[in-house]
Structure formats: structure tokens, C-alpha cells
Colleague: 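This is the structure, below, for whatever I ask next.
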Number of protein chains: 2
Amino acid sequence: MALTRGQLIDAAVGVLSEFGLADLSMRRLARELDVQVGALYWHVKSKQELLVDVASKLLDSVPRPETPTPGLAPMAVAVLLRHLRNALITVPDSAEVVQLALSMRPESLDPLGWLLDFLKIAGLPDPEAGFARHVLVNHLLGSIAAHQEAVALAAGQESSQILAEWEDSAFDYGVRVILQGISAEHPATI
Amino acid sequence: MALTRGQLIDAAVGVLSEFGLADLSMRRLARELDVQVGALYWHVKSKQELLVDVASKLLDSVPRPETPTPGLAPMAVAVLLRHLRNALITVPDSAEVVQLALSMRPESLDPLGWLLDFLKIAGLPDPEAGFARHVLVNHLLGSIAAHQEAVALAAGQESSQILAEWEDSAFDYGVRVILQGISAEHPATI
DNA sequence: ACCTGAACACCGTTCAAGT
DNA sequence: ACCTGAACACCGTTCAAGT
């Protein structure tokens, strides 16, 4: 039967997860799906549009948390960031793809909307909640990118293990420090 | 006379600054320099290696600050981050290029070494100083990438001006919050 | 509605051969 | 030492024509 947009996205997620962004070409997807390249352009407008959908799909595996009380909101933020990291860390170049989606169609990334909600629940006022999310998302994506480059460059060596652990600690440290700084900046907040 | 590696790097910086990474191809550089593509590979091993040198060159415009006293070190960190941002913000896709250099040859980026020095002068112990720099550099590069995507997408519209200003405020907020969080995490530090 | 075939205008990298 | 010419193995996107 006919190819669907969903199958195309799934194939793209598959190639990305197994081989990375450098190997994720429209021609390769066409080969994988047993169609000609041109066929893909009936289902998506461009490769960029496809990548935005890939990013959405990657973040879809993060379950929507319960809406927290104001007191628990900072903890909910930290937990959500952990889940996002877990969802992305195993997929090569996922940070790059999410970064693209973030600039092209931010509303397609639901979990980042929840993040903003939680920061507001914690008591942050209007522009600052957005700023705070921005800092946290920069840290999340930057840490993931650095982690993946570390394991890619030192592939197979024992050093890659050490670098990955360093990155884990650095991520936790960053989340802690940023949340602490935010509550220091907003004394009304818990 | 013969092409030099320096001329090649300068040409690459020029194309990046004017047209962005998508237009920065080896073939285009060869055209610009009136040589055949193959000639470039006598001067650099690969496009990646060239991009690492481009990143170094971009950061070279940041002057080395005076070594601060412990009391002034946090301020020196903030000032250095501002200078880095100023050096990169006008060059399209500079954050991406620096990210690459950071993973391929971090020691080639002197100003990021100074950043680590200042954090240690401020009193941060050994693994934490590296973590802290990591958070700050993630924020720097993430903010620059977001800023540039904002102006690129809304090119010409009045909204691009607003988005750019939002990004400016968000950057300052982030630096403030992270530095505050760091000093809260390390009570011994000022 | 969905796809093929073929073209257009590109890429990065290598390398024998020239000067 | 430095470069040319030419090739190899790719790209993303478009579009008339087919079913």
C-alpha cells in the first residue's frame, strides 16, 4: 500500500538513531522505503519540515507529568529535564535536530511548553519565565551535544566512558545551579 | 604568488560572515580564491579542520583581559562573556562553528581557557570549575544560535527587532542567574 | 491521490600528473 | 612545494508524465 507521512517520519527517526544526521539523507530514506526520491516530496515539503517532525516524535516519548503544586514545581522542572535528557541522549545529533525544530516550529515541542508552565507555577513572572526556560533548554541541548561528541570522538576507547560520566555530573550540576540562581533572582518564589 | 593557509582561513571567515555556513563550501572558496578545489586540500586536511581554524580566528578578536583578583573574578567572567557574544553575534552560524571546534580541538579556543582560569581564581574547586564553564558556554552558544535564528527567520520584519531584544535580555538574565547559582553552590566563594 | 524518471545544480574528497 | 584536471560517490529539490 501507499507510503504514509508517519512511515516516512519513522524511517527518519530510525536512520537518525542508528547512523546519525550525516547519514540521514532524503535519498537514503527513499532507498530504505523502496520509492524514488521524488515520492518523499509528496508527503513533506522539505527535509527541514521532516526534521521538525522527527524532533517532535523524539520528545513524544516523554510522558506528560502531573501538574505540580507551586511548592513542587522546581522539582517537577528538574525531573522533566532528566526525562528529556534520557529521551534524547541515545539518539545521535538529537540536540541539533531539536534546536532546528525549536526555531522553526517551537509549538510542536509539547514538553518544552510544560517546562514553561511549571516555571510559571513556581511563581516566575512573565518575561522571566521565558528567560529561565531558555537558560534551561540551552543547558539541556548543549550538554547533550557535548556528551554525544565526547562518545563519538572517543568511540571504543576507555576514555569515552570517563567523558560521558563527566558530562552526566556536569548536567546535574548545571540544573542545580540554574534553579538555585533562579530562586535567588526571584525572592518571592520558593 | 602561492595561496597560503591564512588566506584560505580568511576567505572562509569572509564567506561565513557574509553568507553563512550553508554557502561555505570548499568549491565556493576555491572559486573565490581562483584555484581548483583540490588545491585547498594541500593547505588543510579537511573542511572540518578549516572550520576549527575559522572558530579560532573568530574568537581571536576578543582581547585577553587583565587577570582579575578573586574578588573581581565573577565580574571578569561576565565581561568576558559579553565580549565573546559581541564577537560572535554578527557572524551567522558562528555558534555552530564554535561548537564544532569545542569538540574537535578545545585548546584552540583561548578565551574559553581564560574563562576557566577566572572561575578558578574566583575560588571554584577542580571539577566544579569545569562544570560551571560548561554551563556558561552552553548558555553563550545557545543564546547566540537562538538570536541568529530569530533574525534570520523574521528577516526584514519589524518582529525581528523585538525578538533580538528579547534575546539580549534573556542572555543577560541567564548570565546573572548562573553566576548567582554558582556562588550559592559554593559558599566559600564570593 | 500517489509515484516514477529524469533532470538541475550542487556537494567533499582523492589522486595521478603537471610545473 | 604547490596546483590542475578529472574522477568518485554523493546531495536536496523540482516537475512533467504516468497510474
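None of these values were measured; they are calculated from a predicted model. Convention: sequence-line order gives letters A, B, ...; per-chain numbering from 1.
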Colleague: To the nearest 0.5 Å, what is the distance between CG on A/L141 and CD on A/Q99?
Modeller: 5.5 Å
Colleague: If we ignore angles and hydrogens, is there a donor and acceptor under 3.5 Å between the side chains of B/H134 and A/E167?
Modeller: yes
Colleague: Please round to the nearest 0.5 Å and tell me the distance separating atom CD1 of B/I144 and atom NE2 of B/H139.
Modeller: 9.5 Å
Colleague: Spell out, yes or no, whether A/W166 and B/L136 are grouped together once hydrophobic residues are joined by side-chain heavy atoms under 4.5 Å, including indirect joins.
Modeller: yes
Colleague: Which whole-number value in Å describes the distance from A/D23 CG to C/dG12 C1'?
Modeller: 14 Å
Colleague: What's the spacing between B/D23 CG and B/E18 CD if we round to 0.5 Å?
Modeller: 10.5 Å
Colleague: Would you kindly give the CG-to-C1' distance between A/L21 and C/dC11, to the nearest whole Å?
Modeller: 16 Å
Colleague: Report yes if some heavy atom in the side chain of A/R82 is under 4.5 Å from a heavy atom in the side chain of A/N86; otherwise report no.
Modeller: yes
Colleague: What parts of residues 38-56 of chain B reach DNA chain D, counting only heavy atoms under 4.0 Å away?
Modeller: B/G38, B/A39, B/W42, B/H43
Colleague: Assuming nearest nucleotide by heavy-atom distance, tell me which of B/V37 and B/L3 is located more 5' along DNA chain D.
Modeller: B/L3
Colleague: Looking at every heavy atom in both A/A30 and A/L40, which two are closest together, and how far apart are they?
Modeller: N-CD1, 3.9 Å
Colleague: Please list, in numerical order, the residues of residues 26-36 of chain B that have a heavy atom closer than 4.0 Å to any atom of DNA chain D.
Modeller: B/R27, B/V35, B/Q36
Colleague: How long is the straight-line distance from OG of B/S160 back to CD of B/E165, given to the nearest 0.5 Å?
Modeller: 9.5 Å
Colleague: Can we say B/R133 and B/D117 salt-bridge, meaning some charged N sits less than 4.0 Å from an Asp/Glu carboxylate O?
Modeller: no
Colleague: Establish, for the pair B/R28 and B/F19, whether the NZ or CZ atom is under 6.0 angstrom from the six-membered ring centre and no further than 45 degrees off its axis.
Modeller: yes
Colleague: In dot-bracket form, how is DNA chain D paired, counting a Watson-Crick or G-U wobble pair only if both its distances are under 3.5 Å and using | for bases paired to another strand?
Modeller: ||.|||||...|||||.||
